[in-house]
Undergrad: 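One structure is given below, represented as structure tokens, and several questions about it will come after.
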Amino acid sequence: MSVPEKPALEGLETKWQSRWDADATYAFDRTQSRADVYSIDTPPPTVSGSLHVGHVFSYTHTDIVARYQRMRGKAVFYPMGWDDNGLPTERRVQNYYGVRCDPSVPFDPNFTPPAEPPKPPLAVSRPNFVALCTTLTVEDEKIFEHLWRHLGLSVDWSMTYATISPVSRRISQLAFLRLLAKGQSYQLEAPTLWDIDFRTAVAQAELEDREMPGAYHRIAFAREDGAGAVEIDTTRPELIPACVALVAHPDDTRYQPLFGKHVITPLFGVPVPVRPHPLADPEKGTGIAMICTFGDLTDVVWWRELSLPVRAIIQANGTLKPIAWGSAGFPSIDAAAAQARYDTMANLTAARARARIVELLKETAALVGDIRPITHHVKFYEKGDRPLEIVTSRQWFVKTMDHRGALIDRGRAMRWFPAHMQTRYENWVNGLNGDWCISRQRFFGVPFPVWYKVRDDGTTDHDARLVPDEAQLPIDPSTDHPAGYREEQRGKPGGFVGDPDIMDTWATSSLSPFIVCGWERDQDLWARTFPMDLRPQAHDIIRTWLFSTVLRAHLELNSLPWTNAAISGWVLDPDRKKMSKSKGNVVTPMGLLEEHGSDAVRYWAAKGGPGVDTAFDAGQMKVGRRLAIKLLNASKFVLTKITPIGPVTEPLDRAMLRQLDDVVRQATEALQAYDYAAALRVTEAFFWGFCDDYIELVKRRRGRDDAGAASANGAAQTALSVMLRLFAPVLPFVTEEVWSWWQPGSVHRSAWPTSAELAGAGDDAHAYTRASEITAAIRQQRSERKLGFSVPVRVTLGGVDRALWPAIARDLLEGNNVVGDPQIDFDAPALTAAIEPVAADA
RNA sequence: GGGCGGUUAGCUCAGCGGUAGAGCACCGGCCUUACACGCCGGCUGUCACAGGUUCGAGCCCUGUACCGCCCACCA
């Protein structure tokens, strides 16, 4: 027993995190079988970003569950991952070093980044760029790990993984090749959502809508038969050269006579048909729309379902491509005029081309009336700055549309906390409008493990795929060459060429259970950890990470990846808005932990229930800090006088333990349902009552050296042991500190408390609650009559339970500084108390 | 437009069929053999609104309003 004279919270984080590390307190015991393992699919944070309060919030929730399960006797498999793959890392490296990746620059083995980021950025080769990404992410990961350790995450730090690591690249490539072999992945040249700044395809899950100013332009299309004009409204007049048809609703009597007839596009003189399609909305604009290849996703649907030609004009960089009018693709009744007009638009960005074409339209009187400004929603890549275009390109897809029903069923087979988050998942699956595009035209990521044969004429034969043997993975097709070829044949007629693309970051993240559990790498580990028990994550990535993980496990393993999904909420500003990045950076997580203490910050986080958006509240952290300090002091008090100790015989002691038994039961039930907030509430309420009422009532009895003192000591120590363990998942540092004063080993490896430990205590907690009520009544009288505790008083009581009174009378009288025998009216209808001071000299 | 949450004391939230709760804040008191980083006491509510079910409704049903989020919406 070694209780400090002045216990304090300062320094506990450093002390215990290094001790836990040295003792391997959280090491995963991989000798356990699946039934005795609890495995957690931890979200790998993006290391190129900065951690903010939201991370601290949600990772604390997961850690509470991990600690609880560990105390329940499970071998907790709780690895931490780093998401260092993909665009965010590229951006960070570009800004940090002042470089940009240019694949045409040759590799420089002696390259070192400039001391100061140069302007303009220095162009570097892809291998040099990737090396910089790797260097910087390693540094970022150290900072992240330091923060997580300080927060007290009970991660097994020997098991970290990174989404760009060789293991992750191998798993990504292997899983991709398996999909390809099964026909679940395919390559297609098709219209795809495209970010013109990043010059990459993006997936449906990465879209967001933003409100943008726009304008309706009413455009007249002359009828081919000369019988007047048809007017359409468009916000994108610059796409008139890409127009392939007009479309109206089949039931729209205004336009029915036009179906099958042709109109002539203004300026360019292209005859295009008027076609019916049910997606056309008679209420929008003039009720008839122009179909361009491609202005939006509806255009793609119309183009496909009406078998229209392609007349694409937007290039990968967002400018209009030069076109030869009068050719097969771009027919015109006046090719010369079309060419002259179009040449003034070619190579302009869409926005500039729009301004230019408005001038042309005005000159030719094809613009009807005024341009009407509107605000409308436009699709953006979530990380992008300009609206997405639709560009036809060759991309890799994973089949999702075929599996929607099965994926809904998978969602129903898992348990969701909170349950309503399942609806979001179903909404997403039901709203899918195409297969998952997994290829990105970027540099830092997992390459597709594919080469193509080069024909004798030097063109690439995308149908003649060459794939590596699984044993060779991971490979980089830009530096490795396929079996049966020599490196010199790269890009040469009769040779080969590597697939230039990398995978979407979610194509790797979706394999996190595969990566951590040892799929196709460590069969023994796999058998002990998969399917996993828990996927904790935030609700904003249900459509990406959660969905894609379910998909991959379904396609590859015909299994759920995990049985439980715990969805955490967001941290909100006090004004109820999502905590913004700027504000999140002002309040840095490390600053918070240092100011309030890790336990205090964890306490605040634990108060936010599963899936509940929670206000950032430093006040709650202060409360948490007070709780931790109270634990130190109350424990010191209980443990400072520990003898005599004996059987718990006193009714008040027995009733207290009986009450605690209820608390254990409630806290356990709550944690089983992932409701750590409810578990904390009941534990905390009991603890404060224990301190303020129980300890106060028995401290004098405890001061003696008789059987009553032995009972009080026995009960107090039992209660303390139980409470420390109930608090341990939320407050790992202070509970460990106190535990170390009098118990061997770590509280975090001790057994979660059970009713069995408290069995034999009283069979009724009534004496405990009643004693608190009587005490409160006496205290109220003292307060009203301004008689401090140190003034001895006589008491008159009413409504006290006749049978109960003798058992608790002594504790109550001593504990409230009451002298003499109280007068009691046992039959009074309600509890009453009246006091009279006793003169000190009386 | 479709969907999901939420609306309870000044603030942050719990309660989800049986007499309205906690913490914070505020006010008053107290150095009481752990803790003044403490302790005691007090004040505060047409439980968003309107109907309905029920002996009884923050709690169940219907509708409305507002807040947040997800999805759809580029003619």
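The model shown is predicted, which means the values in this text are computed figures rather than measured ones. Naming: A, B, ... by sequence-line order, numbering from 1 per chain.
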Undergrad: Using the P atom as the point on both nucleotides, what is the distance between B:G23 and B:U44, in whole Å?
TA: 16 Å
Undergrad: Nearest to the A:Val378 side chain among B:G38, B:C74, B:C4, which nucleotide is it?
TA: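 My answer, after comparing the listed nucleotides, is B:C74.
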Undergrad: With the side chain of A:Arg236 defined as its heavy atoms from C-beta on, choose the nearest nucleotide among B:C13, B:C4, B:C74.
TA: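 When the side chain of A:Arg236 is considered, B:C74 is the closest of B:C13, B:C4, B:C74.
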Undergrad: Checking A:Gln620 now: which residues fulfil side chain to side chain donor-acceptor pair (under 3.5 Å) with it, not counting sequence neighbours?
TA: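 In terms of side chain to side chain donor-acceptor pair (under 3.5 Å), with neighbours along the sequence ignored, A:Gln620 is linked to no residue.
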Undergrad: Of all residues at least two apart in sequence or in a different chain, which pass the salt bridge (charged side-chain N to carboxylate O under 4.0 Å, His left out) check with A:Arg275?
TA: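 Applying salt bridge (charged side-chain N to carboxylate O under 4.0 Å, His left out) to A:Arg275 gives none.
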Undergrad: My understanding is that only residues two or more places apart in sequence, or in another chain, count here; which of them pass side-chain contact (heavy atoms from CB on, under 4.5 Å) with A:Pro191?
TA: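 If we apply the side-chain contact (heavy atoms from CB on, under 4.5 Å) test to A:Pro191, skipping adjacent residues, the hits are A:Phe294, A:Val300, A:Trp303, A:Ile390, A:Thr392.
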Undergrad: Under 3.5 Å, which donor-acceptor pairs do the side chains of residues 278-287 of chain A form with other protein atoms, sequence neighbours left out?
TA:
from     : atom 1 : to       : atom 2 : distance (Å)
A:Asp281 : OD1    : A:Glu283 : N      : 2.9
A:Thr286 : OG1    : A:Glu231 : O      : 2.8
A:Thr286 : OG1    : A:Ile288 : O      : 3.3

Undergrad: Below 4.0 angstrom, which residues in residues 677-690 of chain A have at least one non-hydrogen atom near RNA chain B?
TA: A:Arg681, A:Trp688
Undergrad: Please tabulate, one pair per line, all N/O donor-acceptor pairs under 3.5 Å involving side-chain atoms of residues 234-245 of chain A, not counting sequence neighbours.
TA:
from     : atom 1 : to       : atom 2 : distance (Å)
A:Thr234 : OG1    : A:Arg236 : N      : 2.9
A:Arg236 : NE     : A:Glu238 : OE2    : 3.0
A:Arg236 : NH1    : A:Glu389 : OE1    : 3.1
A:Arg236 : NH2    : A:Glu238 : OE2    : 3.2
A:Arg236 : NH2    : A:Glu389 : OE1    : 3.2
A:Arg236 : NH2    : A:Glu389 : OE2    : 2.9
A:Glu238 : OE1    : A:Arg354 : NE     : 3.0
A:Glu238 : OE2    : A:Arg354 : NH2    : 3.0

Undergrad: Do any side-chain nitrogens or oxygens of A:Lys6 fall under 4.0 Å of OP1 or OP2 in B:A34?
TA: no
Undergrad: Please list, chain by chain and in numerical order, all residues satisfying side-chain contact (heavy atoms from CB on, under 4.5 Å) with A:Gln422, sequence neighbours excluded.
TA: A:Arg412, A:Trp416, A:Glu426
Undergrad: Just checking, is any N or O donor in the side chain of A:His376 or A:Glu211 under 3.5 Å from an acceptor N or O on the other one?
TA: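 Not at all, the side chains of A:His376 and A:Glu211 share no donor-acceptor pair under 3.5 Å.
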Undergrad: State which of B:A34, B:C71, B:C4 makes the closest approach to the side chain of A:Phe637.
TA: B:A34
Undergrad: What string of B, S and - do you get for nucleotides 16-31 of chain B, 5' to 3', if B is base contact, S is sugar-phosphate-only contact and - is no contact with any protein heavy atom under 4.0 Å?
TA: -------SS---B---
Undergrad: By side-chain contact (heavy atoms from CB on, under 4.5 Å), which residues pair with A:Asp692, not counting sequence neighbours?
TA: A:Lys630, A:Trp688
Undergrad: Got a sec? Which of residues 772-781 of chain A come in under 4.0 Å of RNA chain B, heavy atoms?
TA: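 Close to the strand are A:Arg779, A:Gln780.
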Undergrad: If you check every side-chain atom of A:Arg424, which of B:G38, B:C69, B:U33 has the closest atom?
TA: B:C69
Undergrad: According to the Watson-Crick and G-U wobble definition with distances under 3.5 Å, which dot-bracket string, read 5' to 3', encodes RNA chain B, using [ ] for crossing pairs and | for pairs with another strand?
TA: ((((((((.[[[[.)..(..]]]].(((((.......))))).....[[[[[..)....]]]]])))))))....
Undergrad: Quick one: salt bridge (charged side-chain N to carboxylate O under 4.0 Å, His left out) partners of A:Asp251, sequence neighbours excluded?
TA: none
